[in-house]
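Both counts, for ligands and for their atoms, begin at 1 and track the order of listing.
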Amino acid sequence: MIAVGELFDSDDYYVADLIFAGELMSKAVEILKPVIYTGKAEIKGTIVLGTVKGDLHDIGKNIFKSMAETEGFEVYDLGIDVEPEVFVAKVKQIEPQIVAMSAVLTMALNSMKKTVDALIDAGLRDKVKIIIGGNPVTEDSCKRIGADAFTTVAGEGVAICKQWINDAG
Ligand code: B12
């Protein structure tokens, strides 16, 4: 996918190539799931997950979801292009321990902030841990957005979530 991104940058690939690469990657991950993720499902925790408003990329989100499920998390996947209000409604309904947001477009970092703000406005921020993932997330953006943790690696994200559940006893 890194090569595909570079070819897109250099105008050798077009959006259709991104779509095709995305479909191939999703299918490959689905097939490889049983051999890649071998974690034992001992942890019990609930995650509300989604790719934030304005962003349609979901391959990384889906990898995180698969890994988290294999580790025993119940994951409510809201899909892509998820409005802050939809996150809020699901958090109210499910009362998860964790909210996980994905963004691959730099501009979607603003949607992450809006989602955290919406959780604050709804009085739900203190009831959940928030993790953000995707290529553009950094320590600085994590602070600005008001999340508790960030990562560009799905496995690390799952490890952080497991730690949160263990810490909570
Ligand atoms: C495939 C792809 C698409 C596909 C997406 C298909 C799909 N189902 O996701 C399609 C064709 C839809 C697409 C569309 C567009 N794309 Co695009 N796309 C890509 C591409 C080639 C790969 C992205 C990808 O899946 N990478 C592989 C995954 C596994 O990596 P990842 O998402 O980073 O996920 C990992 C971690 O970040 C982390 N992670 C991710 N989410 C989460 C969440 C949590 C909670 C945790 C813990 C971890 C985590 O775990 C994953 C594995 O470790 C990238 C290039 C690149 N190198 O990234 C461009 C790229 C992301 N796209 C780009 C652009 C510009 C677009 C378009 C605007 C193109 C256009 N002109 O229309 C549109 C935007 C549509 C929209 N509104 O979202 C730019 C973004 C630039 C920027 N910085 O904002 C990129 C970087 C290409 C480029 N070099 O310019 N794209």
Under 4.0 Å from atom 30 (O) of ligand 1, do we find at least one protein heavy atom?
no
State, yes or no, whether a side-chain contact exists between V4 and D17 at a heavy-atom distance under 4.5 Å.
no
Any N or O on A100 sitting closer than 3.5 Å to an N or O of ligand 1?
no
So which of T106, D58, V104, I160 gets nearest to atom 8 (N) of ligand 1, if we judge by its closest heavy atom?
D58
So for E156 against ligand 1, with non-hydrogen atoms under 4.0 Å, the contacting part is neither
Heavy atoms only, cut-off 4.0 Å: how does I63 contact ligand 1, side chain, backbone, both, or neither?
side chain
Please report which non-hydrogen protein atom sits nearest to atom 34 (O) of ligand 1, along with the residue it belongs to and the distance in Å to one decimal place.
G60 CA, 3.2 Å
Proximal ligand 1 atoms for D55, defined as those under 4.0 Å from one of its heavy atoms
78 (O)
I need the contact type for D9 against ligand 1. Using non-hydrogen atoms and a strict under-4.0 Å cut-off, is it side chain, backbone, both or neither?
side chain
Identify the heavy atoms of Y13 and F8 that sit nearest to each other, and give their distance.
O-CD1, 3.6 Å
Among protein heavy atoms, which sits nearest to atom 2 (C) of ligand 1, and what does the distance come to when rounded to 0.1 Å?
H57 CD2, 3.6 Å
Can you find a protein heavy atom under 4.0 Å from atom 11 (C) of ligand 1?
yes
Hey, is G134 one of the residues with a heavy atom under 4.0 angstrom from ligand 1?
yes
Option set A149, G133, A159, criterion heavy-atom distance to atom 48 (C) of ligand 1, minimum
G133
Within ligand 1, which atoms have a heavy atom of F8 less than 4.0 Å away?
69 (C), 87 (C), 88 (C), 90 (O)
For V153, atoms of ligand 1 separated by under 4.0 Å from a heavy atom
53 (O)
For K61, the ligand 1 atoms whose distance to one of its heavy atoms is below 4.0 Å:
41 (N)
Which residue and heavy atom of the protein sit nearest atom 64 (C) of ligand 1, plus the separation
L105 CD2, 3.9 Å
Within the 4.0 Å heavy-atom shell around V4, which atoms of ligand 1 are there?
21 (C)
Is the shortest side-chain heavy-atom distance between M101 and L49 below 4.5 Å?
no
Any heavy-atom pair between the side chains of I94 and T46 that's under 4.5 Å?
yes
What atoms of ligand 1 come closer than 4.0 angstrom to any heavy atom of S102?
40 (C), 41 (N), 42 (C), 43 (C)
Under 4.0 Å from a heavy atom of A154: which atoms of ligand 1 are those, numbered in the order shown and with their elements?
38 (C), 50 (O), 52 (C), 53 (O)
Looking at ligand 1, does any of its N/O atoms fall within less than 3.5 Å of an N/O of S26?
no
Of all heavy-atom pairs linking V91 and V128, the shortest is CG1-CG1, 4.1 Å
Just go through N62, I19, L56 and tell me whose heavy atom is the nearest to atom 75 (C) of ligand 1.
L56
Less than 4.0 Å between atom 85 (C) of ligand 1 and some protein heavy atom, yes or no?
no
Is E6 close enough to touch ligand 1? Criterion: a residue heavy atom under 4.0 Å from a ligand atom.
no
Would D77 and K61 pass as an ion pair if we require N to O under 4.0 Å?
yes
Considering only protein heavy atoms, determine whether one is less than 4.0 Å from atom 22 (C) of ligand 1.
yes
Taking the non-hydrogen atoms of G54, is any one of them nearer than 4.0 angstrom to ligand 1?
yes
Atom indices of ligand 1, in the order listed, that fall short of 4.0 Å to a heavy atom of V15
70 (C), 71 (N), 72 (O)
Does one side chain, of D140 or T138, offer a donor that lies under 3.5 Å from an acceptor on the other?
no
Atom 20 (C) of ligand 1 sits nearest the protein heavy atom L18 CD2, 4.3 Å
